[in-house]
S.K.: 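One structure is given below, represented as structure tokens, and several questions about it will come after.
Scope of the values below: all heavy atoms of this structure, side chains included, with no hydrogens, waters or symmetry mates. Note that the coordinates shown come from a computational prediction; the quantities given were computed from them, not determined experimentally. Convention: sequence-line order gives letters A, B, ...; per-chain numbering from 1.
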Amino acid sequence: MPELPEVEIVCRGLAPVLEGRRLALVQVRRANLRLPFPVDLALRLTGRRVEAITRRAKYMTWRLDDGWVVLGHLGMSGRMIIGPCDDTPPGRHDHVIFDTDEGRRVTFTDPRRFGLLDLVRAEDLAGHRLLCKLGPEPLDDAFTAKVLKAGLAGRSGPIKVALLDQTLIAGIGNIYASEALFRAGIDPTRAASSLTAKEVGRLVPALKEVLLASIASGGSSLRDHRLPSGELGYFQHSFAVYDREGEPCPGCDCAQGISRIVQAGRATYFCKKRQK
DNA sequence: CGGCAAACCTGCGAGC
DNA sequence: TGCTCGCAGGTTTGCC
């Protein structure tokens, strides 16, 4: 379930395993995911020390000791699984396996193969073709109602679809778009440009709140119960509206309950009474 | 440029 | 039990 909060949790979970460690053995088990892997990826990573792990939007970056950065994306179904280095045979979808000099193993598994892994020079990271068009980080202080309002100007499409546009805001996915609009009381079908300053003034904190709450719950569950699987960031969330079609609205007593519609090919969940 | 559908993949649950 | 269908949390591309 990799939207911004999940990627953040994965990065935080990987940091204690990888930061400061050398990659003793890297196994690349196929030539590509969504994009081709860099040539000689395994060779270029083997022996490198991971200096720092950070996140940009839904991308993770591992800064290496030779000036290169591993750029990773989990796509729809990508996961990072932590375990020991042992003789367990890799699963069908275990595409890249990183063993550290401490005897720990990180397995990048991705059944649908929408994820990606690339190498980029640190000084070229911001200009990378996948990163250079990304909009502001929603959790940055610089992401304000004024900034979002300006971005929505001239957009006739629905606000919910606009929130998924990574050039407008980076990191919002299909779940948190619905959740934030519910929290802000805004109808997802409204034209993006029709939102008033007051409404955008509710939407921006709503976005920050749903993301932060998700990170907080993931962080705590990660600290408190290390999953036997070693899997990071894939705990049970409780969403107010997402995937709750027909269930009672948690914000009002309407008889209709949560509605599901499709916008730009993706499911949207909302309360028709509470969201205007 | 904006908006939309299709494409990339596999897995899973519902329904028959 | 087994099949088909629809659907899934992302992003890019190409067409209008």
S.K.: Taking only side-chain N and O atoms of A:S77, does any of them lie within less than 4.0 angstrom of OP1 or OP2 on B:dG11?
M.R.: no
S.K.: Between A:Y59 and A:G265, name the one whose nearest nucleotide on DNA chain C is closer to the 5' end.
M.R.: A:G265
S.K.: So what's the dot-bracket for DNA chain C: Watson-Crick or G-U pairs under 3.5 Å, [ ] if a pair crosses, | if it pairs off-strand?
M.R.: .|||||||.|||||||
S.K.: Nearest nucleotide by nearest heavy atom, which residue falls closer to the 5' end of DNA chain B, A:G154 or A:A264?
M.R.: A:G154
S.K.: Specify the separation, in whole Å, of atom CG of A:L74 and atom C1' of C:dA8.
M.R.: 16 Å
S.K.: Can you see whether A:W68 has A:R48 sitting over its ring - NZ or CZ less than 6.0 Å from the centre and within 45° of the normal?
M.R.: no
S.K.: Pick the closest DNA chain C nucleotide for A:R129 and for A:R112 by heavy atoms, then say which residue is nearer the 5' end.
M.R.: A:R112
S.K.: Can you work out whether A:A153 or A:R113 has the more 5'-proximal nearest nucleotide on DNA chain B?
M.R.: A:A153
S.K.: Can a cation-pi geometry be assigned to A:R244 and A:Y269, taking NZ or CZ under 6.0 Å from the six-membered ring centre and within 45° of the ring axis?
M.R.: no
S.K.: Classify A:L130 by what it touches in the nucleic acid, base, sugar-phosphate, or nothing, heavy-atom distance under 4.0 Å.
M.R.: sugar-phosphate
S.K.: Quick test of the criterion, 5.5 Å between centres and less than 30° between planes. Is A:F114 stacked on C:dT11 or not?
M.R.: no
S.K.: Please report, rounded to the nearest Å, how far the P atom of C:dA8 is from the CD atom of A:E3.
M.R.: 13 Å
